[in-house]
**Student:** 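Got a structure for you, questions after.
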Amino acid sequence: MAAFGHTFPFYAGPKPTFPTNTTLAVIVAIFLTSLATFIIILPGIRGKMRLFWMLRVVTSLFIGAVILAVNFSSEWSVGQVSTNTSYKAFSSRWISANVGLQIGLGGVNITLTGTPVQQLNETIDYNEEFTWSLGENYAEEYANALEKGLPDPLLYLAEKFTPHSPCGLHGQYRLAGHYTSAMLWVAFLCWLLANVMLSMPVLVYGGHMLLATGLFQLLGLLFFSTATSLTPPCPLRLGAATLHTHRGPAYWITLTTGLLCVLLGLAMVVAHRMQPHRLKAFFSQSVGEDPVLELDPEEGGLLSPRYRSITESPEPQDIPLSEASSEAPCEEPDCAL
């Protein structure tokens with residue numbers, strides 16, 4: 001007899017799943033909300049400054065969103081294969097399915113989708129995640145997967161990333177994930193400092209921090225590539241097919257954003273040396289109207305004193321003789337009376 005919602009008692013139904021990574025969804029929602037807020041106040045800016053201001057905001061938000069999103073992404077190394085493979089242990093039945101592997105900085109995500117989805121009187125559509133980030137125990141999660149009786153392809157790929165696997169994938173990807181994530185967090189802090197300095201009259205230092213943002217992203221990519229190349233690739237055979245992994249979208253978008261930050265940082269440093277006034281105009285910063293003070297590009301754009309020449313000195317004023325005599329000191333003895 002079916003219980004409420006046509007679900008049999010003592011047997012839980014399928015768990016609802018969010019169609020995408022919730023962390024990435026939150027990050028994207030926050031930055032899109034910030035962008036929408038800036039667009040709302042955009043009509044209050046006049047002239048060409050509106051276009052310059054919008055360009056700065058969009059570029060800055062894009063860089064910050066990418067740095068945070070790729071840090072939580074599971075698509076640094078990806079692979080997918082269509083194959084005929086065994087379904088579960090102690091069963092001779094085979095299925096036709098697409099098997100996907102996504103490796104991130106904090107774990108691995110494995111998918112199994114039947115072609116068609118309905119086979120053997122079951123719905124074959126699995127999406128399992130195994131993490132090795134700080135505070136997580138990969139071996140324990142793998143043991144829980146064995147107890148649940150997940151399909152053979154999922155358990156086979158998950159076993160390749162266990163700490164005691166002869167492939168050594170757990171050690172190299174865990175090491176790569178820790179160092180790459182650390183570099184991305186440093187890059188995010190540099191991005192925050194760059195935004196603060198670009199809103200102050202120290203644009204050249206904002207360019208330096210933007211350059212550091214790109215360099216730390218590229219350094220993270222170097223750590224990831226080096227750590228994942230320490231050992232030869234482990235063969236991942238599923239039935240008659242072999243699953244091969246390659247660099248995923250998160251890797252390439254990080255490379256693109258890192259190069260963009262480096263180019264923008266260098267461009268700002270060069271513009272500060274060559275055209276400091278136009279650089280300040282682009283960032284809506286006035287040079288100042290005091291004729292005694294001027295900008296010195298060699299001193300980081302700070303105000304430095306400029307002394308008046310003789311021609312700029314004020315003309316001497318004529319002082320009446322009566323005033324001069326009254327102000328002169330008295331040296332005669334009669335003045336003491």
Side-chain angles (χ1 to χ4, degrees), residues 21 70 72-117 119-120 122-133 136-181 221 223-252 254:
N21 190 326
V70 298
F72 296 97
S73 175
S74 61
E75 296 185 352
W76 281 80
S77 291
V78 297
Q80 186 174 0
V81 66
S82 299
T83 183
N84 295 322
T85 180
S86 60
Y87 182 45
K88 289 188 177 181
F90 308 107
S91 175
S92 59
R93 295 184 176 183
W94 285 47
I95 60 171
S96 176
N98 293 326
V99 183
L101 177 64
Q102 299 176 345
I103 306 173
L105 302 181
V108 60
N109 193 79
I110 307 172
T111 60
L112 176 67
T113 306
T115 52
V117 177
Q119 297 184 49
L120 306 179
E122 293 187 28
T123 300
I124 303 175
D125 189 7
Y126 293 86
N127 189 337
E128 298 293 331
E129 183 181 17
F130 304 88
T131 58
W132 53 61
S133 57
E136 303 292 342
N137 191 336
Y138 187 94
E140 183 179 351
E141 293 184 4
Y142 177 70
N144 294 333
L146 289 174
E147 293 179 1
K148 289 192 298 184
L150 294 180
D152 276 354
L154 298 179
L155 295 177
Y156 170 77
L157 293 178
E159 188 273 335
K160 294 294 184 180
F161 290 89
T162 55
H164 303 291
S165 175
C167 289
L169 296 177
H170 181 272
Q172 67 179 26
Y173 277 104
R174 187 172 182 269
L175 181 66
H178 286 345
Y179 281 100
T180 304
S181 180
L221 295 179
F223 280 136
F224 185 83
S225 301
T226 303
T228 54
S229 303
L230 295 177
T231 58
C234 183
L236 305 175
R237 296 186 178 88
L238 296 166
T242 302
L243 178 63
H244 299 281
T245 59
H246 56 274
R247 301 287 185 243
Y251 181 92
W252 297 114
T254 304

**Student:** Under the rule for side chain to side chain contact (heavy atoms under 4.5 Å, CB included), what residues qualify as partners of Glu141, not counting sequence neighbours?
**Tutor:**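 Here the qualifying residues are Phe130, Thr131, Glu136.
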**Student:** Report the residues that fulfil ring-ring contact (aromatic ring centres under 6.0 Å, His included) with Tyr156, sequence neighbours left out, ordered by chain and then residue number.
**Tutor:**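 None.
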**Student:** Of all heavy-atom pairs between Lys88 and Gly149, which one has the smallest distance, and what is that distance?
**Tutor:**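 That would be CE-O, 3.9 Å.
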**Student:** Measuring from Leu105:CG to Phe72:CZ, what's the distance to the nearest 0.5 Å?
**Tutor:**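 With rounding to 0.5 Å, CG (Leu105) is 10.0 Å from CZ (Phe72).
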**Student:** Return the minimal non-hydrogen interatomic distance between Trp94 and Asn84, and the atom names on each side.
**Tutor:**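 In terms of heavy atoms, the two residues are closest at CZ3-O, 3.0 Å.
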**Student:** If you count the non-hydrogen atoms of other residues, nucleotides and ligands that lie under 6.0 Å from NE2 in His164, is the total more than 12?
**Tutor:**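 No, NE2 of His164 has 12 or fewer neighbouring heavy atoms, counting only those of other groups under 6.0 Å.
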**Student:** About how many Å separate OG1 of Thr228 and CZ of Arg247, when rounded to the nearest 0.5 Å?
**Tutor:**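 One gets 4.0 Å once the value is rounded to the nearest 0.5 Å.
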**Student:** For the OG atom of Ser73 and the CG atom of Asn109, what is their distance to the nearest 0.5 Å?
**Tutor:**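 Spacing of OG (Ser73) from CG (Asn109) equals 10.0 Å.
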**Student:** Could you state the interatomic distance from CG (Leu169) to OG1 (Thr162), rounded to the nearest 0.5 Å?
**Tutor:**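 Answer for the CG-OG1 pair, Leu169 versus Thr162, is 9.0 Å.
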**Student:** Are side-chain heavy atoms of Val70 and Trp76 found at a separation under 4.5 Å?
**Tutor:**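 Of all side-chain heavy-atom pairs linking Trp76 with Val70, at least one is under 4.5 Å.
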**Student:** Under 3.5 Å, is there a donor-acceptor pair between the Gln119 and Tyr87 side chains?
**Tutor:**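 Per modelled atom types, Gln119 and Tyr87 side chains form no pair under 3.5 Å.
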**Student:** Is Trp132 close to Val108 at the side-chain level, that is, under 4.5 Å between some pair of heavy atoms?
**Tutor:**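 SC-SC contact between Val108 and Trp132 confirmed.
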**Student:** Of all residues at least two apart in sequence or in a different chain, which pass the side-chain hydrogen bond (donor to acceptor under 3.5 Å, both in side chains) check with Thr113?
**Tutor:**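 side-chain hydrogen bond (donor to acceptor under 3.5 Å, both in side chains) check on Thr113 returns nothing, list empty.
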**Student:** Got a second to check how far Thr83's OG1 is from Leu243's CG, nearest 0.5 Å?
**Tutor:**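 Reported to 0.5 Å precision, the distance equals 10.0 Å.
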**Student:** So Ser77 and Tyr173, do their side chains get closer than 4.5 Å, heavy atoms only?
**Tutor:**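 Result yes, sub-4.5 Å side-chain heavy-atom pair found.
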**Student:** Considering all heavy atoms of both residues, which atom of Val78 and which atom of Gly248 are nearest to each other, and what is their separation?
**Tutor:**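 That closest heavy-atom pairing would be CG2-CA, 3.9 Å.
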**Student:** If the threshold is 4.0 Å, N to carboxylate O, is there a salt bridge linking Glu128 and Lys148?
**Tutor:**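 Salt bridge between Glu128 and Lys148, a charged N being under 4.0 Å from a carboxylate O: yes.
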**Student:** For Tyr126 and Ile110, indicate whether the former's side chain and the latter's backbone hold a donor-acceptor pair under 3.5 Å.
**Tutor:**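 No, the answer is negative, given that no donor and acceptor are paired below the 3.5 Å cut-off.
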**Student:** So, do Thr242 and Val81 sit near enough that their side-chain heavy atoms are less than 4.5 Å apart?
**Tutor:**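 Not in contact.
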**Student:** Should the pair Phe224 and Tyr251 be assigned to parallel (<30°), tilted (30 to 60°) or perpendicular (>60°) ring geometry?
**Tutor:**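 Phe224 and Tyr251: tilted rings.
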**Student:** Which pair of heavy atoms, one from Pro153 and one from Ser86, lies closest together, and at what distance?
**Tutor:**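 Shortest heavy-atom contact: CD-O, 3.5 Å.
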**Student:** Would you sort out whether Leu101 and Phe161 count as a side chain to side chain contact (heavy atoms under 4.5 Å, CB included), showing the intermediate values?
**Tutor:** CA-CA 11 Å; Leu101 177 64; Phe161 290 89; 4.1 Å; yes
**Student:** Can you measure from CD1 (Ile124) to CG (Leu112) and round to the nearest 0.5 angstrom?
**Tutor:**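 The CG atom of Leu112 is 6.5 Å from CD1 of Ile124, to the nearest 0.5 Å.
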**Student:** Side chains of Ser82 and Asn98: is there a donor and an acceptor less than 3.5 Å apart?
**Tutor:**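 Yes.
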